[in-house]
Number of protein chains: 2
Amino acid sequence: MSTPTTAADRAYSALRSDIVEGMLAPGTPLAEVEQAARLGVSRTPVREAFARLLSDGLAEQRGPRTLLVSSIDADDVRALFDLRWALDEQAARIAAHRGDTLPFAALATRLDRATELLATDDAARTDYYALVGEFDAAIDASLETSPYLRAALQRLRVHLERVRRLAHDDDARLLRAAAEHAAIARAIADRDPERAVAATRLHLHDALQSIHRHLKASTA
Amino acid sequence: MSTPTTAADRAYSALRSDIVEGMLAPGTPLAEVEQAARLGVSRTPVREAFARLLSDGLAEQRGPRTLLVSSIDADDVRALFDLRWALDEQAARIAAHRGDTLPFAALATRLDRATELLATDDAARTDYYALVGEFDAAIDASLETSPYLRAALQRLRVHLERVRRLAHDDDARLLRAAAEHAAIARAIADRDPERAVAATRLHLHDALQSIHRHLKASTA
DNA sequence: ACGACCGTCAATGTATACATTAGAGAGATG
DNA sequence: CATCTCTCTAATGTATACATTGACGGTCGT
């Protein structure tokens, strides 16, 4: 009962976490032997993990034989949002059309409550991020009949989490983000696709601006 | 000079082609030993190829240890278009904003000419598909600064080609498709994002309808 | 001193051997 | 006759050995 999953899966999860959490910094070379030793497995599962990271875009190839942790800068964020805009908008539209209204209604109220909490207690960040996670899960559930879109969204989210760690939201931004998320959830709960799309656009616009402000500030 | 690429790459390309072209039918089991023997390499590169096919969505897992060529039916097509709609629309918008106008202007005229040709010479199918390929390449070129969107599009196109082989366009449809494509190209060449998006929507709507008609006809 | 060229070797790419397990099929049982 | 279990095998998952190549450091030339 020690290894419920395969070694390749564990290697992948470990590396992926290390990259997303910044433990393996962008630009770090990924060597099979080194990681195999670190993770306590042979090169074979590590190799498989590297292939998946490459397909995720978490690693990139430089030259024919060297793999690096992929870089992520302000320009990547903009490029990421070019895709996110398309996917989130469509996801919101579909969720409003065919999603289960109940979870979104519940999330809307909980997000509103979180807005109040965040105003007073700044330790509620974790709760808010957990709520966003639930929101994403609710979106995924609504996309049961759109597996391709759902898969694209899930691939995207890994990168977005990386960005989130890079550009830590300030409290004021978090407050507005919660309100924006609540607006999206409510529009979906009301089965109003147009409003859901509009609210999503608003959220993405603000989120991108906030991130860019942050990155510009930390670069300068 | 016999192997310019790695064995894993060749195995992947071969399997991918076989799946897209229908030589490996949906539902066919993919066994490492069998494919290794067929392709004349060891299991290792085949294994790597399988991993990539899985991440492409060209193969799917049934149970913990069996891989099948992924199925594709009318419902998959609808799901595929849920994603395609989002991506193509955004791509058209961005191409109209920042793309090189010249290639699109050239493509527009060539597509119009193809429309005339298709009306008389039905052997011009190949030419038309080649033009669409060039159009896609021009879109990709316009997305140089949006690599995430471009990557998502490229992943999607493999599946679309599979659909195209599944539901062969009839001549009438091809004619309209060429005209619709020309309209998109012209809108992009004119740097008119809104029109490009509208033309894209029109094209996708018609394409989806045509495919569904075809599939319903062949199923019945 | 700076750049191009080249040999070394360490890391990758591939094959194979070993360990493990899922899945097909025989047999038993209701 | 269907279903369930159990076995057994053949395939996968992993490790390792072998082959191959390109990244790095040194040398040479200018």
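Worth knowing before you read on, the calculation uses all heavy atoms, side chains too, and leaves out hydrogens, waters and symmetry mates.
Donor-acceptor pairing under 3.5 Å is recorded for the side chains of A:Thr145 and A:Arg98. Under the 3.5 Å distance criterion, with hydrogens and angles disregarded, no donor-acceptor pair is assigned to the side chains of A:Ser42 and A:Arg47.
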Completion exercise
Given protein heavy atoms under 4.0 Å, the one-letter contact record of nucleotides 11-17 of chain C, with B base, S sugar-phosphate only and - none, is simply BBBBBBB
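Geometric assessment of B:Arg155 against the ring of A:Tyr148 yields a negative cation-pi assignment under the 6.0 Å and 45° thresholds.
The only option from B:Leu53, B:Ile19, B:Leu58, B:Asp56 that meets the side chain to side chain contact (heavy atoms under 4.5 Å, CB included) definition with B:Val158 turns out to be B:Leu58.
For the salt bridge (Lys or Arg N to Asp or Glu O under 4.0 Å) test, residues two or more places apart in sequence or in another chain that qualify with B:Arg38 are B:Asp18.
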